[in-house]
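This report refers to the structure that appears directly beneath it.
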Protein chains: 2
Amino acid sequence: MRSVTSAGSPPRDRRRRRSEILDAAAELFAARGFHGVSIEEIGGAVGTSGPALYRHFSGKEALLAEILLEVSERLHTSAARRVTEAPDAERALESLLTGQIEFALGHPSLITVHDRELGNVPEPARRRIRRLQRLYLEEWVTVLSELYPSCPPPRLRAATHAVFGLLNSTPHSAGEVPARAMAGLLRGMARAALAALQDTAHSQEES
Amino acid sequence: MRSVTSAGSPPRDRRRRRSEILDAAAELFAARGFHGVSIEEIGGAVGTSGPALYRHFSGKEALLAEILLEVSERLHTSAARRVTEAPDAERALESLLTGQIEFALGHPSLITVHDRELGNVPEPARRRIRRLQRLYLEEWVTVLSELYPSCPPPRLRAATHAVFGLLNSTPHSAGEVPARAMAGLLRGMARAALAALQDTAHSQEES
DNA sequence: AGAAGATGTTAGTCATCGTTAACACCGGGC
DNA sequence: GCCCGGTGTTAACGATGACTAACATCTTCT
């Protein structure tokens, strides 16, 4: 029987342990890839040894799936909130940038895992993650299509991916520049890159 | 005994087979990661089965090492040539952008492998690859520091990584936009992002 | 106190994989 | 015509790793 919560969420200790495991796993996956990390190592990273993890997760793939689901959910709901709360498209874009930059600077290994390891997630969860990623992208595209109405959506999607690539470069330039300065740099570059959508909107032909 | 070339390079058939294998391996590594691909699969991708690859490479890690070495060498020598041949820094940057964009659009899987799998390369080759990557980066930083002399080098390095992230987003937005338009889009965004280095050079404090 | 459940341990299993061994074919130079 | 280097085959081996089983411990509720 449940003790204090009659039918609610599991006790706090269990939740903490779970997220501790997830954090350690994410770090290791980011460093050496999903298949490059063993269950034994993940266990070791949280002080237990190997198969203890099966008390908390059904398997290695479930670990990865939960990491990616959590990340893409968090990104999407945060973006949706930011967009609806912003008074106009300009401010919405500013807020989206802030959110993505904070996340990229604060959790570089989650960023890394997020766009590297989707291929290793088994099929039921894969679709949900893909969907959330698409929704996140569409938040950006919606805002951008309001700011740059002359730009066709496929172009906006490609541009958004490019901005993600720019912002998510943080794992590569780790510690070259203090975090606050890095945030300002990334924001400035991203804004400028997006502003270029206006000028180049029709220049599809080059020599 | 060698037949036609007394001491030169190996016969053309052998070279072709080698690069055929390397191409297939790169494609597979990009799709599922180094540890996610078996020797048997790589063999299957080139019509042979499994251990035949050992006639051409000393092992799986050697495959990866050669892929990364080739890519980083190609990027670096191409960049060095472009910089020395350019009449001024402005033109040099333009040429560097062209080279990186061509490569990112033409070989997305090599781009993917290049910045994901360095950690799986064994130590002797790893250092050489790192060195080439650093040299490639420094070509950019040298040019940029001439164009933006007020910007400190660490900031330029971070900005360059950001531009790489932007340009290397091609694997994510595959086929959303025709290649020529994509090239123009990426060039415009990258140029604008770099131009922002002038304005934001001193704005390190934000609310 | 004692039963129950949660959480950990170690030992074992089964599959997969990188690598090697032993053998077959094949084409060109004596 | 025969040998030989190059290239492929299949079979085996050894290691690793995900996962399960069986057992221990500790907390907690009655």
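A, B, ... follow the sequence lines: proteins, then strands. Residue 1 opens every chain. What's counted below: heavy atoms across the whole structure, side chains too, no hydrogens, waters or symmetry copies.
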Task: B/Arg15 CZ to D/dT7 C1', straight-line distance once rounded to whole Å - done: 18 Å
Task: Residues from residues 53-71 of chain B lying under 4.0 Å of DNA chain C - heavy atoms - done: B/Tyr54, B/Arg55, B/Gly59, B/Lys60
Open item on the list: Looking at B/Glu94, I'd like to know if its CD atom is crowded, meaning that more than 12 non-hydrogen atoms belonging to other residues, nucleotides or ligands lie closer than 6.0 Å.
Closed with: yes
Task: Shortest side-chain distance from A/Arg14, nucleotide among C/dT7, C/dT19, D/dA18 - done: C/dT7
Task: D/dG6 phosphate, OP1 or OP2, under 4.0 Å from B/Arg17 side-chain N/O - done: no
Task: A/Ser145 side, atom OG; A/Glu138 side, atom CD - distance, nearest 0.5 Å - done: 9.0 Å
- [ ] Can you sort out which residues in residues 24-38 of chain B have a heavy atom within less than 4.0 Å of DNA chain C? Ascending by number, please.
- [x] B/Val37, B/Ser38
TODO: Rounded off to whole Å, could you give me the CD-to-P distance for the B/Glu40 and C/dT19 pair?
DONE: 13 Å
- [ ] Output all residues satisfying side chain to side chain donor-acceptor pair (under 3.5 Å) with A/Glu146, sequence neighbours left out; order by chain, then residue number.
- [x] none
- [ ] When you get a sec, tell me which of D/dT10, C/dG8, C/dG18 is the closest nucleotide to the side chain of B/Ser49?
- [x] D/dT10
Open item on the list: Could you measure the distance from the CZ atom of A/Arg130 to the OG atom of A/Ser72? Nearest 0.5 Å is fine.
Closed with: 11.5 Å
Open item on the list: Just the rounded figure in Å: distance from P of C/dT16 to CD of B/Glu41.
Closed with: 12 Å
- [ ] Decide, yes or no, whether a salt bridge links B/Arg191 with B/Glu90 under the criterion of side-chain N to carboxylate O below 4.0 Å.
- [x] yes
Open item on the list: In this structure, how many angstroms lie between the C1' atom of C/dT10 and the CD1 atom of A/Ile39, rounded?
Closed with: 17 Å
Task: salt bridge (charged side-chain N to carboxylate O under 4.0 Å, His left out) pairs, two or more places apart, involving residues 100-127 of chain B - done: B/Glu123-B/Arg127
- [ ] Send over the distance from B/Asp13 CG to D/dG8 P, rounded to a whole Å.
- [x] 10 Å
Task: All side-chain contact (heavy atoms from CB on, under 4.5 Å) counterparts of B/His107, not counting sequence neighbours - done: B/Arg74, B/Phe103, B/Leu110
Task: For B/Ala65, side-chain contact (heavy atoms from CB on, under 4.5 Å) partners two or more places apart - done: B/Val121, B/Ala125
Open item on the list: Below 30° counts as parallel, above 60° as perpendicular, anything between as tilted: where do the rings of A/Trp140 and A/Phe164 land?
Closed with: perpendicular
Task: Among C/dG8, C/dT20, D/dG8, the one nearest A/Thr48 by side-chain distance - done: C/dG8
